[in-house]
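Notes for the one structure printed next.
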Amino acid sequence: MKPVTAAKRRLASSMSPGQRRRLSELMLELVLRAVSKSGVEGRALVTADDRMGPMAQRFGFTLLKEKRPRGFSRAVLLALQSPLARHYEDVLILPGDLPLLRAEEIDRALALRRSARAPVLSPSLRLDGTNLLLAAQDELPPLHYERDSFLGHMEELRRRGSRFIVYYDLRLALDIDTMGDLELARRLFPRSEFARRARLKAIA
């Protein structure tokens with residue numbers, strides 16, 4: 001999770017800094033809650049934002065503090081090098097801006113992983129990002145989160161000759177980067193907790 005003061009800069013022309021901060025905090029809270037209700041055991045939140053500590057603790061996450069934000073791929077590597085990661089064979093990687101994500105989507109990915117024993121990937125709506133990556137630590141491909149990560153991760157796995165599963169779910173695919181994404185989330189899921197709380201917080 002980027003520091004909330006630096007998150008969602010692409011929305012700056014349409015939202016105030018306060019709205020963007022509230023949006024980022026709400027999305028992260030909903031992701032942490034979904035993970036906490038799922039079958040995921042060890043949980044870590046990687047961020048350079050000191051203010052995220054209480055939220056991480058509330059949902060049973062270990063806070064892994066970056067000295068400064070260095071991108072998503074570096075954040076994942078920090079988590080993989082942590083003492084927590086040594087206790088687990090598999091790793092589940094999620095960004096903090098999936099406001100429609102529920103425990104159900106995570107548990108489906110876990111079930112796919114258990115049944116197929118192959119890496120599971122979920123793309124973003126525009127197929128340019130990886131919104132979920134679930135694999136054994138020694139199966140993880142080189143990380144491409146900063147550019148066309150979904151295609152990059154698939155190509156890395158193909159190059160190795162690895163089987164993998166593409167798991168598509170709209171709730172997983174819809175991250176919020178633009179006002180169009182935000183409007184789509186509200187229109188498609190008007191009764192979601194995200195839509196309700198976004199209205200209450202005067203985000204949108």
Evaluate Leu125 against Tyr168 for side-chain contact (heavy atoms from CB on, under 4.5 Å), listing each step before the verdict.
CA-CA 9 Å; Leu125 190 65; Tyr168 187 85; 3.5 Å; yes
Verify salt bridge (charged side-chain N to carboxylate O under 4.0 Å, His left out) between Arg114 and Asp90, making sure each step is shown before the conclusion.
CA-CA 10 Å; Arg114 283 193 299 269; Asp90 284 4; over 6 Å; no
For Leu63 and Gln57, what are the C-alpha separation, side-chain angles and deciding distance, and is it a side-chain contact (heavy atoms from CB on, under 4.5 Å)?
CA-CA 8 Å; Leu63 185 70; Gln57 185 176 28; over 6 Å; no
What's the verdict on side-chain contact (heavy atoms from CB on, under 4.5 Å) for Leu182 and Leu11, showing C-alpha distance, side-chain angles and the deciding distance?
CA-CA 10 Å; Leu182 186 58; Leu11 298 173; 5.7 Å; no
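Residues Leu132 and Leu140 do not share a hydrophobic cluster, defined by chaining ILVMFWY side chains whose heavy atoms lie under 4.5 Å apart.
Here Arg51 contributes atom CZ and Glu25 contributes atom CD; the two are 7.0 Å apart, rounded to the nearest 0.5 Å. Taking OG of Ser38 as the reference point, atom CG of Leu92 lies at 7.5 Å (rounded to 0.5 Å). Atom-to-atom distance recorded for Leu45:CG and Leu64:CG is 8.0 Å, nearest 0.5 angstrom. The OG atom of Ser122 sits 11.5 Å away from the CG atom of Leu170 when rounded to the nearest 0.5 Å. For the atom pair CD1 of Ile93 and NE2 of His153, the computed distance is 7.5 Å after rounding to the nearest 0.5 Å.
Relative orientation of the Phe72 and Tyr145 rings is tilted, given thresholds of 30° and 60° on the angle between their planes.
Looking only at distances, no side-chain donor or acceptor of Arg10 sits under 3.5 Å from a matching main-chain atom of Thr178. With Glu193 contributing its side chain and Leu30 its backbone, the two residues share no donor-acceptor pair below 3.5 Å. A donor-acceptor contact shorter than 3.5 Å links the side chain of Thr47 to the backbone of Met1.
Counting only heavy atoms from C-beta outward, the side chains of Met55 and Phe61 never approach each other to under 4.5 Å.
For the side-chain contact (heavy atoms from CB on, under 4.5 Å) test, no residue two or more places apart in sequence or in another chain qualifies with Arg191. The side-chain contact (heavy atoms from CB on, under 4.5 Å) search around Tyr88 returns Glu41, Leu84, not counting sequence neighbours.
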